[in-house]
Asker: 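Here it is, the structure, as structure tokens.
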Amino acid sequence: MQASSKPSPMAQIWHIVSMIPQGKVYSYGKVADLAGLPGRARLVSKALRAAPPEMALPWHRVINSQGKISFAEHTPPFIEQMQCLRAEGVIVNRGRIKLSDYEWQPDIATLVLSLPY
DNA sequence: TAAGTGACGTCGA
DNA sequence: CTCGACGCCACTT
């Protein structure tokens, strides 16, 4: 059984990102881990850029492991991401976000039920 | 095939 | 805590 093909890495990444709750953030590296792609954080950024706008993926909730927005400060994309986060109640200072307050703590049960076994 | 690039991560100064 | 160097991976030149 289970002869069906497993989802593409990009589809897996999109799936994980779509699960990040409003008002919470998660790092590229951890998204990659949950997607079953350890060590491929850079693939996550690529997947977000490739995501069609129609799917309204919450890309702004993905930041780097240091709790900062990865775009260069003062650039249009940086400002857009910061505003999206603030609109959800996330406090952003100079591109920095307090992970101890806003990092998503994925529920194990939810994860198990959502992964493609 | 080698070298460059990037919405990353980790470690040490 | 901030920075730079280096490691990494998947492309692109």
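Chain identifiers are assigned alphabetically (A, B, ...) following the order of the sequence lines, protein sequences preceding nucleic acid strands; residue numbering begins at 1 within each chain. All heavy atoms count here, side chains included; hydrogens, waters and symmetry mates do not.
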Asker: Within the side chain of Trp14(A), is there an N or O that forms a donor-acceptor pair under 3.5 Å with the backbone of Ala47(A)?
Answerer: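 Checked: pair present.
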Asker: Would you mind reading off the distance between Arg49(A) atom CZ and dC8(B) atom P, rounded to a whole angstrom?
Answerer: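 So the CZ-P distance, Arg49(A) to dC8(B), works out to 11 Å.
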Asker: Rounded to whole angstrom units, what separation is found between the CG atom of Leu48(A) and the C1' atom of dA7(B)?
Answerer: 7 Å
Asker: Report yes or no: do Asn64(A) and Ser70(A) form a side-chain donor-acceptor pair below 3.5 Å?
Answerer: yes
Asker: Compare side-chain N and O positions of Ser70(A) against OP1 and OP2 of dC8(B) and report whether any pair is under 4.0 Å apart.
Answerer: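 Looking at the OP1 and OP2 atoms of dC8(B), one of them is under 4.0 Å from a side-chain N or O of Ser70(A).
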Asker: Whole-Å distance between dC8(C) C1' and Tyr28(A) OH?
Answerer: 17 Å
Asker: Base, sugar-phosphate, or nothing for Gln66(A), non-hydrogen atoms under 4.0 angstrom?
Answerer: base
Asker: Find the distance Leu37(A):CG to dC8(C):C1' and express it as a whole number of Å.
Answerer: 14 Å
Asker: Give the intermediate values and the outcome of salt bridge (charged side-chain N to carboxylate O under 4.0 Å, His left out) for residues Lys30(A) and Glu103(A).
Answerer: CA-CA 11 Å; Lys30(A) 290 193 174 185; Glu103(A) 183 177 46; 3.0 Å; yes
Asker: Between Asp33(A) (CG) and dT10(B) (C1'), how many Å, whole number?
Answerer: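 For the pair Asp33(A) CG and dT10(B) C1', the rounded distance is 13 Å.
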Asker: Please determine, for the side chain of Ser65(A), which listed nucleotide (dA10(C), dA7(B), dG9(B)) has the closest atom?
Answerer: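 Output: dG9(B).
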Asker: Can you see if the side chain of Arg40(A) gets near the phosphate of dA10(C) - specifically, an N or O under 4.0 Å from OP1 or OP2?
Answerer: yes
Asker: What is the distance, rounded to the nearest whole Å, between atom NZ of Lys46(A) and atom C1' of dC8(C)?
Answerer: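 Distance check: Lys46(A) NZ to dC8(C) C1' gives 16 Å.
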Asker: Would you check if the side chain of Arg61(A) reaches a backbone N or O of Lys24(A) as a donor-acceptor pair within less than 3.5 Å?
Answerer: no
Asker: Starting from C1' on dT5(B), measure out to CG on Leu43(A) and report it in whole angstrom.
Answerer: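 For the pair Leu43(A) CG and dT5(B) C1', the rounded distance is 15 Å.
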Asker: Going by the side chain to side chain donor-acceptor pair (under 3.5 Å) test, name the single residue among Glu80(A), Arg86(A), Glu88(A), Gln83(A) that passes it with His60(A).
Answerer: Glu88(A)
Asker: In terms of side-chain heavy atoms of Ala41(A), which of dC8(B), dA10(C), dA7(B) is nearest?
Answerer: dC8(B)
Asker: Counting only side-chain nitrogens and oxygens, does Arg96(A) get under 4.0 Å of the OP1 or OP2 atom of dT2(C)?
Answerer: yes
Asker: Assess whether one donor atom and one acceptor atom, taken from the side chain of Arg42(A) and the base of dC8(B), lie less than 3.5 Å apart.
Answerer: yes
Asker: Can you tell me how far P of dC1(C) sits from CG of Leu99(A), to the nearest Å?
Answerer: 11 Å
Asker: Which part of the nucleic acid, if any, lies within reach of Arg94(A) when heavy atoms closer than 4.0 Å are counted: base, sugar-phosphate only, or nothing?
Answerer: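 If one applies the 4.0 Å heavy-atom cut-off, Arg94(A) turns out to touch nothing in the nucleic acid.
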Asker: Ignoring the backbone of Trp59(A), work out which of dA7(B), dT2(C), dG9(B) is nearest its side chain.
Answerer: dA7(B)
